[in-house]
Amino acid sequence: MAANDKIRNVAIIAHVDHGKTTLVDKLLAQAGSLKTHGEVAERIMDSNDLEREKGITILAKNTSIEYNGYTINIIDTPGHADFGGEVERIMKMVDGVLLVVDAFEGCMPQTRFVLRKAIEVGLHPIVLVNKMDREAARPAEVVDEVLDLLIDLEVEEDHLDFPVVYASAVSGWASYDADKIGTNMVPVYESIIKHVPAPQTDVDASLQFQVTLLDYNDYLGRIAIGRINKGVLRSGSVVAIAKRDGSVEQARIAKLFGFKGLERIETDHIDAGNMAAIAGLGQIGVGETVGEPGLVEVLPLLKIDEPTLQMSFIVNNSPFAGREGDPITARKLSARLMRELETDVSLRVEETDRPEIFKVSGRGELHLAILIETMRREGLEFQVSMPEVIFKDIDGEKMEPFEYLVVDVPEESVGTVMEKLGIRKGELLNMETRNGWTRLEYSIPARGLVGFRTEFLTDTRGYGIMNHTYDGYKPWKGAMSQRRNGALVAWEAGTARSYGLINIESRGTLFISPGTDVYEGMIVGENSREQDLVVNVCKEKAASNMRSSTKDDTVKLKVPRTLSLEQSIEYIQDDELVEVTPKSVRLRKLVLTKSDRERFEKNRKMSGM
């Protein structure tokens, strides 16, 4: 095999919010790849509205840069743990990785995860210490942390001699020296060309192409994206596909696309060593191999992360169904969820014995919350249940998914946070204090983190930072206490009034304000006690022609607590649902009427005896 010396395939990997996408922006801009796009937004690789709003990368995306006669294919990867499966697969597409580390935060949970995945497939990292413009930047310590991490991962000795580049992606400069501010991103281009090996290719051999990513187009159907290991891909040619189940199917390439800058360019052929996107291969899946008919050299299947969390998606049957969105039937809900499976290989959708309920499994709360938010923005309304972890029986022992958790908290909040994590079965692994902040590292059951973020931010007055990544299945830790406080539940349908709300404000925390339409069984607040409390928020002051002996005081209500979609999903219990519409997110009881709820609870207790 010969090396295609003018091609470099590199993935940019990092912990969430360490600046990968901003870095790609500057690399594209300074290489001239954005000239044809005129005025472009920041973080141009985050093309999805949700990605821009949340400031995270959800889907891996690839782009191509031309620099001094070299083609540099760059893949921007997700940094959040819930989308780590994409990072794992992408390692098979590239010959090197650019590890981006924050000059202040240093190595974080996802840094360890992505670096371990790169090392496992034999890739050597180029370390880029980003955000050098931060006042508290500590580049020398961060480089030492990366070295310690590599030693901890038990790498070969040659991995320890890694090249380092210092940069401020947002300012558009990079430098080989931590004490010097650069003028452009040239050190990054040059480091990639020098340290990332050229792909080993053979254009004369029979075709070998493995699918790493999937896209979907309403007109072209499923689009397979991957790297050509050998041979040449030609538009219109007949190819053989080695499926995951061992069978081989034939298909014709309808459209063939290469990458240039941010665009997919239709072409008639692409040589080995390059990235390609193919349309017309039917229901092709991730990890499957494409080759010439009768000459398919099957590559090892790529591992796809198994889901660890599941929720029920339910057709909306609340009294307000159809008021704010498109009231969907079970058939429409099923079709929409199945369409998501076209591109999201980590998602699972199962039918249940009730046609209006679908069991949806994903990699974590954020993974499922992104799907829910996407669907509601499409104008759909539906209901979802409380997230539940997926248990496994391994060698006769009950196992559950664990997370490696890192929290940074102010010193005065350490005791409270440690107490809460102890209740949630967390096991302390390490503790460090620096400049008034304490970093705690825990191994904790995934179910212990459901609903913890809101509590954590309250305990740390909004200053706390928490990050976690999947840590495998471990023995079940036993029963765990749930939310301590009960709910304030609406007694009747109507419109919430100030008079009704002021009478129940002392009972707990309100979630609604005067003028909000409610229905019987809707959750309108949190009780200060453990039991649920049925309240009349629609109560109005009785009109009377009798003069009051004292002037009425002006009613002043506290500002209600507004729950976001993610907070609502974390908040509910197993007898509650979140009603999701394009305009509202409401909490409700599974059984709406008080008498039916009492009967339901009584039957549930009897069946659990």
> Any side-chain heavy-atom pair from Val414 and Met431 closer than 4.5 angstrom?
Replying inline: yes

>> With a 4.5 Å cut-off on side-chain heavy atoms, are Phe313 and Val384 touching?
In response: yes

Can you tell whether the side chains of [X] and [Y] come within less than 4.0 Å, N to carboxylate O?
{"X": "Arg377", "Y": "Glu373", "answer": "yes"}
{"X": "Arg424", "Y": "Glu455", "answer": "yes"}
{"X": "Asp532", "Y": "Arg597", "answer": "no"}

> Does NZ or CZ of Lys398 lie under 6.0 Å from the centre of the six-membered ring of Phe391, at an angle within 45° of the ring axis?
Replying inline: yes

>> Determine whether Arg336 and Glu378 satisfy the following criterion, salt bridge (Lys or Arg N to Asp or Glu O under 4.0 Å), listing intermediate values before the conclusion.
In response: CA-CA 10 Å; Arg336 177 60 187 86; Glu378 293 171 2; 2.7 Å; yes

> With sequence neighbours left out, which residue pairs that include part of residues 313-325 fulfil the salt bridge (charged side-chain N to carboxylate O under 4.0 Å, His left out) condition?
Replying inline: Arg323-Asp517, Glu324-Arg586

>> Taking side chain to side chain contact (heavy atoms under 4.5 Å, CB included) as the definition, give me every residue that meets it alongside Cys107, ordered by chain and number, with sequence neighbours left out.
In response: Thr111, Glu145, Val146, Leu149

>> If the condition is side chain to side chain contact (heavy atoms under 4.5 Å, CB included), which residues does Leu592 pass it with, not counting sequence neighbours?
In response: Pro319, Tyr519, Arg588

>> Which heavy atom of Pro445 sits nearest to which heavy atom of Glu400, and what is that distance?
In response: CB-OE1, 3.6 Å

> Shortest non-hydrogen contact from Leu565 to Ala369?
Replying inline: CD2-O, 3.9 Å

> Among Val489, Leu501, Val537, which residue meets the side chain to side chain contact (heavy atoms under 4.5 Å, CB included) test with Val524?
Replying inline: Val537

